[in-house]
**Q** 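Below is a structure I'd like to ask you about.
Position 1 is the first residue of the sequence, and the numbers go up from there.
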Amino acid sequence: MTDAIELIRRQVSDLHEQLVRYDLVVWTAGNVSGRVPGEDLFVIKPSGVPYEELTPDNMILCDLDGNVVAGEHSPSSDTAAHAYVYRHMPEVGGVVHTHSTYACAWAARGEAVPCVLTAMADEFGAEIPVGPFALIGDDSIGRGIVETLRGHRSPAVLMKSHGVFTIGKDAKAAVKAAVMCEDVARTVHISRQLGEPLPIAQADIDSLNFRYRHVYGQQPAVR
C-alpha cells in the first residue's frame with residue numbers, strides 16, 4: 001500500500017502544475033485529489049500552499065471521511081467535498097476544482113454551457129450542468145456535485161457562484177476535464193457575442209460521444 005500511496009502523491013503533486021499551465025487557477029486557489037486504488041484513502045493538496053511549493057511529500061493523505069491520515073499541513077478547504085464525492089461515487093478516482101475565468105463566468109450567471117460543439121459532445125456528451133450554491137467548509141459542495149453529476153454524462157459541473165468541479169476515472173482524467181471545460185466555456189462565450197450558437201441534434205451528440213469513448217485514439221491490439 002505504501003507504494004500505491006507514494007505513486008498517487010507524485011501524480012497529484014505533478015498534476016497541479018497543469019492547472020497553472022492552462023491558466024485554470026490563480027495564487028493558491030483550486031486543487032487536485034486522487035483516490036488510492038483499492039483503499040478508502042485519497043491524496044489532496046495542503047491548504048494555502050503556493051503551487052510552486054507543492055511536492056509529493058507535502059501532499060495530504062485523508063480517509064473517505066476527510067480525516068487526515070498522514071501529512072504535516074492542514075488539507076485543502078475543499079477536502080470534505082472531495083471526500084463526499086469519493087464516498088458516494090466509487091467509480092471516481094480523481095476530483096479537481098478550479099476557478100477558471102470563462103467557466104466561472106457561466107457559474108456566476110448560474111447558466112449551463114450548452115452542447116453546441118463537437119468537442120463538447122466528445123468530452124462531455126451533454127451540456128456542462130450547473131450545481132446548486134453551497135458554502136465552503138463542509139460536505140455541502142460535495143452533495144451538490146454528486147446530485148448534479150450522478151447519472152449525467154458530463155464529468156464537469158459549474159457550482160453556482162463558485163467554480164468548476166470535475167471528476168474522472170483518475171486524477172489525470174479529472175484534470176483533462178477541467179482543461180476542456182474552460183476551453184469550451186470560452187469558445188461558447190465568444191460565439192454568443194456573435195449570435196446564438198447552433199444546437200447539435202441529440203442523436204449526433206450521442207454518436208460523437210460514443211465514437212470518442214470507444215473508437216478515438218489508440219485501441220488495444222486484438223490478439
Side-chain angles (χ1 to χ4, degrees), residues 8-9 11-13 15-16 18-19 24-36 39-49 51 54 58-71 73-100 103-104 106-108 110 112 124 128-152 154-182 185:
I8 299 300
R9 282 182 184 273
Q11 290 177 344
V12 169
S13 177
L15 283 167
H16 281 91
Q18 300 301 310
L19 302 190
L24 304 185
V25 294
V26 295
W27 204 240
T28 62
N31 40 69
V32 178
S33 72
R35 188 195 292 265
V36 179
E39 304 294 335
D40 291 334
L41 300 168
F42 69 97
V43 171
I44 195 167
K45 86 173 181 71
S47 178
V49 175
Y51 278 79
L54 296 180
N58 63 25
M59 295 295 105
I60 311 299
L61 182 67
C62 297
D63 64 23
L64 297 194
D65 290 316
N67 301 309
V68 174
V69 174
H73 297 78
S74 297
S76 167
S77 58
D78 292 306
T79 296
H82 289 239
Y84 188 92
V85 173
Y86 289 126
R87 288 200 308 274
H88 292 86
M89 302 182 80
E91 72 278 14
V92 170
V95 179
V96 170
H97 172 45
T98 77
H99 293 166
S100 58
C104 278
W106 289 84
F124 302 99
I128 300 175
V130 175
F133 176 80
L135 294 176
I136 302 168
D138 59 18
D139 63 12
S140 298
I141 292 173
R143 290 176 183 273
I145 296 168
V146 172
E147 290 170 3
T148 306
L149 293 185
R150 181 176 280 163
H152 200 290
S154 175
V157 56
L158 309 176
M159 294 300 287
K160 186 178 180 182
S161 303
H162 186 172
V164 180
F165 283 84
T166 61
I167 58 175
K169 64 180 181 179
D170 53 29
K172 183 177 180 180
V175 170
K176 177 190 175 186
V179 172
M180 295 294 291
C181 179
E182 177 64 4

**Q** Indicate yes or no: at least one non-hydrogen side-chain atom of L54 is less than 4.5 angstrom from one of P46.
**A** yes

**Q** Donor-acceptor pairs under 3.5 angstrom involving side-chain atoms of residues 128-146: please list them, not counting sequence neighbours.
**A**
residue : atom : partner : partner atom : Å
D138    : OD1  : S140    : N            : 2.9
D138    : OD1  : S140    : OG           : 2.7
D138    : OD2  : S140    : OG           : 3.4
D139    : OD1  : R143    : NE           : 3.1

**Q** Minimum heavy-atom separation for V164 to C181, with atom names?
**A** CG1-SG, 4.0 Å

**Q** Measure across V95 and Y86 and return the closest heavy-atom pair with its distance rounded to 0.1 Å.
**A** N-OH, 3.3 Å

**Q** What verdict does the side-chain contact (heavy atoms from CB on, under 4.5 Å) test give for K45 and I60, after you've listed the backbone C-alpha separation in whole Å, the side-chain angles of each residue and the deciding distance to 0.1 Å?
**A** CA-CA 6 Å; K45 86 173 181 71; I60 311 299; over 6 Å; no

**Q** Using side-chain heavy atoms (C-beta onward) and a distance below 4.5 Å, is L149 in contact with F165?
**A** no

**Q** If the condition is side chain to side chain contact (heavy atoms under 4.5 Å, CB included), which residues does A174 pass it with, not counting sequence neighbours?
**A** V96, T166

**Q** Which residues pass the salt bridge (Lys or Arg N to Asp or Glu O under 4.0 Å) test with K172, sequence neighbours left out?
**A** none

**Q** Sequence neighbours excluded, which residues qualify as side-chain hydrogen bond (donor to acceptor under 3.5 Å, both in side chains) partners of D65?
**A** none

**Q** Mind checking side-chain hydrogen bond (donor to acceptor under 3.5 Å, both in side chains) for D63 and listing every partner two or more places apart, or none if nothing turns up?
**A** N67

**Q** Taking all non-hydrogen atoms of both residues, which atom of S47 and which atom of P75 are closest, and how far apart?
**A** CB-O, 3.2 Å

**Q** Quick one: OG on S100 to CH2 on W106, what's the gap to the nearest 0.5 Å?
**A** 13.0 Å

**Q** For A177 and P155, which heavy atoms make the closest approach, and how far apart are they?
**A** CB-CG, 3.8 Å

**Q** I'd like to check the side-chain hydrogen bond (donor to acceptor under 3.5 Å, both in side chains) partners of H162; sequence neighbours left out, ordered by chain and number.
**A** H97

**Q** For residues 87-94, please give each side-chain donor-acceptor pair under 3.5 Å, one per line with the distance, not counting sequence neighbours.
**A**
residue : atom : partner : partner atom : Å
R87     : NH1  : L64     : O            : 2.7
H88     : ND1  : Y84     : O            : 3.0

**Q** Test your reading of the model: is there a side-chain donor-acceptor pair from R9 to the backbone of M59, 3.5 Å cut-off?
**A** yes

**Q** Only counting residues at least two apart or in another chain, list the ones meeting side-chain hydrogen bond (donor to acceptor under 3.5 Å, both in side chains) with S154.
**A** none

**Q** Can you find a pair of side-chain heavy atoms, one from L41 and one from L61, that are under 4.5 Å apart?
**A** yes

**Q** Stepwise, does the side-chain contact (heavy atoms from CB on, under 4.5 Å) test hold for C62 with I44?
**A** CA-CA 8 Å; C62 297; I44 195 167; 4.2 Å; yes

**Q** Rounded to the nearest 0.5 Å, how far apart are CG of N58 and OG of S13?
**A** 6.5 Å

**Q** Restricting to non-hydrogen atoms, name the atom on A107 and the atom on L158 that form the minimum distance, rounded to 0.1 Å.
**A** CB-CB, 4.0 Å

**Q** Closest approach of C104 and G163, non-hydrogen atoms and distance?
**A** SG-CA, 3.7 Å

**Q** Name all residues meeting the side chain to side chain contact (heavy atoms under 4.5 Å, CB included) criterion together with Q11; count only those two or more places apart in sequence or in a different chain, and write none if there are none.
**A** L7, I8

**Q** The test is side-chain contact (heavy atoms from CB on, under 4.5 Å); show your working for V49 and H73 and say whether it passes.
**A** CA-CA 9 Å; V49 175; H73 297 78; 4.2 Å; yes

**Q** Just checking, any donor-acceptor pair under 3.5 angstrom between side chains of H82 and N31?
**A** yes

**Q** Could you tell me which residues satisfy side chain to side chain contact (heavy atoms under 4.5 Å, CB included) with A108, sequence neighbours excluded, listed by chain and number?
**A** none

